[in-house]
*Asks:* 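Below is the structure I would like to discuss, written out as structure tokens.
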Amino acid sequence: STFIAQKNELFILPEVASWSNPFFYSIKNKSIIKLMGFEECNLVDPTYLFYNNIHYIFAGKKHDSLYRLYLFYSEDNFYGKYNNHNLNPIVINPSNSRMGGNIIQHKSKIYRIGQNASSQYGNGVTINLIENLSPINYSERELTKIKIKNNSGPHTLNILNENIVFD
């Protein structure tokens, strides 16, 4: 799930691919807001990013989320209508395709966390630097991998201010 602050309100973009199309849940109003553009699509590990006045959602699709990553964008508003990125799938690689945490923006750089599913589900994470992000372009490069020695994991990593949470 992704937490999003938008216009002094907190929303959750939950992982609901097994039973629903994606939606934002408003904590303030305790209500569900369906995202436009995903009426026929369930998304795995959807992750929201607002960048250069564009709303983006990175996600897998139910049938191939372990090795393909898709990108959707809305120039209209937070709720969509979201469009397919013309380079979809933007990543085809089991070592980093599935989202593994929130997008991290730090010192004018953008980092994407991907789960490593190359040998088994969630066997570490890969940190990727997003080098180019727009409605028509996307590129990233792998920076490093993080794995728990002699064990599986982590499969998610989230960083907010001075806090790091992983599982």
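The figures that follow rest on heavy atoms only: side chains count, while hydrogens, waters and symmetry mates do not. If you're wondering where the values come from, they're calculated on a predicted model, not measured in any experiment.
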*Asks:* Would you say that N132 contacts E140 through its side chain, given a criterion of any heavy-atom pair below 4.5 Å between the two side chains?
*Replies:* no
*Asks:* Okay, side chain of Q105, backbone of K107: is any donor-acceptor separation there less than 3.5 Å?
*Replies:*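 Between the backbone of K107 and the side chain of Q105 there is no qualifying donor-acceptor contact (under 3.5 Å).
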*Asks:* Parallel, tilted or perpendicular: which fits the ring planes of Y73 and Y56, with parallel below 30° and perpendicular above 60°?
*Replies:*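 Ring orientation, 0 to 90° scale: tilted.
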*Asks:* Counting C-beta onward and ignoring hydrogens, is there a side-chain heavy-atom pair between N21 and L35 closer than 4.5 Å?
*Replies:* no
*Asks:* Is there side-chain contact between E15 and V44, with heavy atoms separated by less than 4.5 Å?
*Replies:* yes
*Asks:* Would you mind telling me which of Y82, F38, Y48 makes a ring pair (Phe, Tyr, Trp, His ring centres under 6.0 Å) with F72?
*Replies:*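 For F72, the ring pair (Phe, Tyr, Trp, His ring centres under 6.0 Å) test succeeds with only one of Y82, F38, Y48, which is F38.
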*Asks:* Quick one: do K81 and D76 make a salt bridge, cutoff under 4.0 Å?
*Replies:*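 D76 and K81: not salt-bridged.
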*Asks:* Between N29 (side chain) and S31 (backbone), is there a donor-acceptor pair under 3.5 Å?
*Replies:* no
*Asks:* Check whether T47 reaches the backbone of D45 with its side chain - one donor and one acceptor, N or O, closer than 3.5 Å.
*Replies:* yes
*Asks:* Quick check against the 3.5 Å criterion: does R112 have a side-chain atom that pairs as donor or acceptor with the backbone of T126?
*Replies:*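 No; judged by distance alone, with no hydrogens or angles, the pair does not exist.
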*Asks:* Which value, rounded to the nearest 0.5 Å, describes the distance between Y138 atom OH and N88 atom CG?
*Replies:*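 If we round to the nearest 0.5 Å, Y138:OH and N88:CG are 11.0 Å apart.
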*Asks:* Got a donor-acceptor contact below 3.5 angstrom from the N42 side chain to the K62 backbone?
*Replies:* no
*Asks:* Is the closest side-chain heavy-atom distance between I27 and I12 below 4.5 Å?
*Replies:*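 Contact flag for I27/I12 side chains = yes.
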*Asks:* Would you say H106 has more than 12 foreign heavy atoms packed within less than 6.0 Å of its NE2?
*Replies:*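 Not buried by this count: 12 neighbours or fewer within 6.0 Å.
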*Asks:* So, N116 side chain and S118 main chain: donor-acceptor pair closer than 3.5 Å or not?
*Replies:*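 It does hold such a pair.
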*Asks:* Taking all non-hydrogen atoms of both residues into account, name the closest pair between L66 and R98 and its distance.
*Replies:*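 Closest approach of L66 to R98, heavy atoms only: CD2-NH1, 3.7 Å.
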*Asks:* Kindly indicate whether the side chain of L69, heavy atoms from C-beta on, has any atom under 4.5 Å from the side chain of N93.
*Replies:* no
*Asks:* Using a 4.5 Å cut-off on heavy atoms from C-beta on, say whether the side chain of V91 contacts that of S97.
*Replies:* yes
*Asks:* If we only count heavy atoms from C-beta on, is the Y70 to I90 side-chain gap below 4.5 Å?
*Replies:*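 Counting from C-beta outward, Y70 and I90 never come under 4.5 Å.
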*Asks:* Just by distance, do the side chain of H85 and the backbone of S134 share a donor-acceptor pair under 3.5 Å?
*Replies:*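 Judged by distance alone, yes, a pair lies under 3.5 Å.
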